[in-house]
Amino acid sequence: MKILVLLKEVPVVSEIRINRQYLTIDRSGVGKMMNPADRHAVEAALVLANARGGEVTAITMGPESSESILREAVSLGVKSAYRLTDKAFAGADTLATATILKAAIDATGPYDAVFCGASSIDGVTGQIPAKLGTMLGYGILTNACKIEIGDEGMTIDRKAGTGYEKLTAAFPLVCSVTEDANTPRKPSIKGRTASKKLVVEVMDNEKLQIPAESLKSPSKVIGLFPPPALEKGQMIPGEDPEAAVAELVELLQEQAAF
Ligand SMILES: Cc1cc2nc3c(=O)[nH]c(=O)nc-3n(C[C@H](O)[C@H](O)[C@H](O)COP(=O)(O)OP(=O)(O)OC[C@H]3O[C@@H](n4cnc5c(N)ncnc54)[C@H](O)[C@@H]3O)c2cc1C
């Protein structure tokens, strides 16, 4: 089987500062890491490769620093890695990003399965997996909390309200993976050696040949605003729990909460 995992380099959230004047993220001097859900996508891809035979490739679109997450994936068992970069890819929204990733999949695939994180911790749209699956015409399994591998495809459990939905798709498919899906393995010594020797293949638009028209980002940021401040909570003091509950119910009824 030919299996792909898509990896995104994201800022270390605890180090991010917000520019209060422009409400933008100040990324200067902020550390970078592999998007947390992508670690679980790597694990799911390696489990499938072990179960069905085959190799896992990793692709990221990002600056040179993002090669470190490709090396990390190779230390875990991924065999080859591509980085997509071009001036024409700058400022890509989710549609343009999915278009670029699809072009890379066409150039390096076809793949039987493409694994992604369920969503990134910086963009947080969760749109890439479904957009990509639609563009590729593959089966789409999103937000997998549990993955079962079958002969012809995969079945996932997806959180839906207080329960789970079971969804099945045949190969080829795109599957987005949550942090509940598995426990990522640790790097092996063999993997660490392979990651040091890894030659990342860099692909620009001369290689991918995506028409300028398809790289346009239709979404526009028209405004930024902080979320409303949380209202101050109200404490109900007292020793008697029953009296406190009665007072709470009265207060909620007054405020027409139920
Ligand atoms: C109008 C607009 C302008 C933007 N301009 C910029 C900009 O100038 N610079 C910038 O850095 N971002 C920009 N972005 C953000 C950029 O669109 C997103 O980072 C990107 O489209 C991925 O979206 P997401 O993080 O929400 O992905 P999600 O759908 O939340 O990610 C899910 C999974 O998809 C995969 N994935 C996502 N992104 C990548 C990637 N790059 N490579 C490989 N796999 C990936 C990963 O497996 C990830 O876990 C812009 C967004 C908008 C709407």
Side-chain angles (χ1 to χ4, degrees), residues 3-11 13 16 22-28 30 32-45 56-70 72-73 78 81-105 107-109 111 113-136 138 140-144 173-182 184 200-205 208 210 214-224:
I3 302 162
L4 177 68
V5 64
L6 294 173
L7 305 177
K8 183 177 185 188
E9 183 191 57
V10 294
V13 176
I16 289 178
Y22 300 107
L23 295 176
T24 51
I25 292 176
D26 181 359
R27 293 172 191 250
S28 56
V30 174
K32 306 272 184 67
M33 63 181 196
M34 186 189 296
N35 182 50
D38 299 2
R39 243 174 252 289
H40 298 262
V42 172
E43 180 61 29
V56 182
T57 297
I59 292 182
T60 190
M61 178 174 93
E64 202 175 344
S65 61
S66 63
E67 290 192 7
S68 77
I69 62 171
L70 296 174
E72 192 180 336
V78 165
Y82 297 88
R83 180 169 70 88
L84 318 178
T85 183
D86 197 292
K87 276 199 180 111
F89 302 165
D93 67 2
T94 54
L95 186 68
T97 303
T99 301
I100 298 158
L101 294 172
K102 186 213 177 247
I105 289 171
T108 60
Y111 296 94
V114 177
F115 288 92
C116 313
S119 104
S120 69
I121 57 163
D122 56 352
V124 212
T125 66
Q127 291 178 7
I128 297 294
K131 282 189 172 162
L132 196 55
T134 306
M135 287 175 180
L136 290 162
Y138 285 11
I140 302 171
L141 299 172
T142 53
N143 297 315
L173 56 83
V174 173
C175 178
S176 78
V177 179
T178 69
E179 293 179 49
D180 295 326
N182 53 37
V200 175
E201 192 167 328
V202 177
M203 299 180 96
D204 59 13
N205 206 31
L208 294 179
I210 307 167
S214 307
L215 287 172
K216 282 191 182 147
S217 293
S219 46
K220 299 277 170 271
V221 177
I222 54 169
L224 293 165

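Counting starts at 1 for both ligands and their atoms, in listed order.
In terms of protein heavy atoms, atom 42 (N) of ligand 1 is closest to M61 N, 3.0 Å. Of the protein's heavy atoms, D38 OD1, 3.6 Å lies nearest to atom 48 (C) of ligand 1. What sits closest to atom 38 (N) of ligand 1 on the protein, heavy atoms only, is K8 CD, 3.4 Å. Closest to atom 47 (O) of ligand 1, if we only count protein heavy atoms, is L6 O, 2.8 Å. I128 CG1, 3.5 Å is the protein heavy atom nearest to atom 27 (O) of ligand 1. Looking from atom 23 (O) of ligand 1 to the surrounding protein, the closest heavy atom is T94 CG2, 3.6 Å. If you check which protein heavy atom lies closest to atom 31 (O) of ligand 1, you get S120 N, 3.6 Å. Protein heavy atom nearest atom 26 (O) of ligand 1, with residue, atom name and distance: T125 OG1, 2.6 Å.
Atoms of ligand 1 found under 4.0 Å from any heavy atom of I59, numbered from 1 in the order shown, are 43 (C). Remark: ligand 1 atoms within the under-4.0 Å shell around heavy atoms of S119 are 30 (O), 32 (C). For ligand 1, the atoms lying closer than 4.0 Å to a non-hydrogen atom of Q127 are 29 (O).
For the pair P129 and ligand 1, a heavy-atom separation below 4.0 Å is found.
The CG atom of L208 sits 6.0 Å away from atom CG of L84, with the distance rounded to the nearest 0.5 Å. In this structure, OG1 in T97 is found 7.5 Å from NZ in K8, a value given to the nearest 0.5 Å. From L7, atom CG reaches atom CD1 of I69 across 5.0 Å, with rounding to the nearest 0.5 Å.
Considering backbone and side-chain N/O of K220, none are found under 3.5 Å from N/O of ligand 1. Considering backbone and side-chain atoms alike, G117 places an N or O below 3.5 Å from some N or O of ligand 1. For the pair C116 and ligand 1, the shortest N or O to N or O distance does not fall below 3.5 Å.
For atom 2 (C) of ligand 1, the choice among I100, T97, D93 with the nearest heavy atom turns out to be D93. Remark: among candidates S66, A41, G91, the nearest residue to atom 8 (O) of ligand 1 is G91, based on non-hydrogen atoms. Here atom 1 (C) of ligand 1 lies nearest to S219 when heavy atoms of S219, A118, P63 are compared. With atom 43 (C) of ligand 1 as the reference point, the heavy atom nearest to it among I222, L7, V221, V5 is part of L7. One option in A37, G126, A92 has a heavy atom closer to atom 17 (O) of ligand 1 than any other, and that option is A92.
Side-chain contact between I121 and P36 is present, with heavy atoms from C-beta onward closer than 4.5 Å. Looking only at side-chain heavy atoms (C-beta outward), L6 and L4 come within less than 4.5 Å of each other.
Of the possible polar contacts, none joining the T60 side chain to the G62 backbone as a donor-acceptor pair under 3.5 Å is found. With hydrogens and angles disregarded, no donor-acceptor distance shorter than 3.5 Å links the side chain of Y82 to the backbone of T57. A donor-acceptor contact shorter than 3.5 Å links the side chain of D86 to the backbone of N205. The backbone N or O of V10 sits nowhere less than 3.5 Å from a side-chain atom of N35 that would complete a donor-acceptor pair. Looking only at distances, a side-chain donor or acceptor of T178 sits under 3.5 Å from a matching main-chain atom of A144. In terms of modelled atom types and a separation under 3.5 Å, the side chain of D93 and the main chain of A96 share a donor-acceptor contact.
Residue L84 does not touch ligand 1, judged by heavy-atom distances below 4.0 Å. Only the side chain of N35 comes within 4.0 Å of ligand 1, judged by heavy-atom distances.
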Inset, instruction - Using the side-chain contact (heavy atoms from CB on, under 4.5 Å) rule, take R83 and E64 through it: C-alpha gap first, then chi angles, then the decisive distance, then the call. - result: CA-CA 8 Å; R83 180 169 70 88; E64 202 175 344; 3.9 Å; yes

Legend entry - Stepwise side-chain contact (heavy atoms from CB on, under 4.5 Å) test for L132 and K102: CA-CA 6 Å; L132 196 55; K102 186 213 177 247; 3.9 Å; yes

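Side chain to side chain, K131 and T94 meet the donor-acceptor criterion of an N or O pair below 3.5 Å.
Closer than 4.0 Å to atom 10 (C) of ligand 1 lies none of the heavy atoms of the protein.
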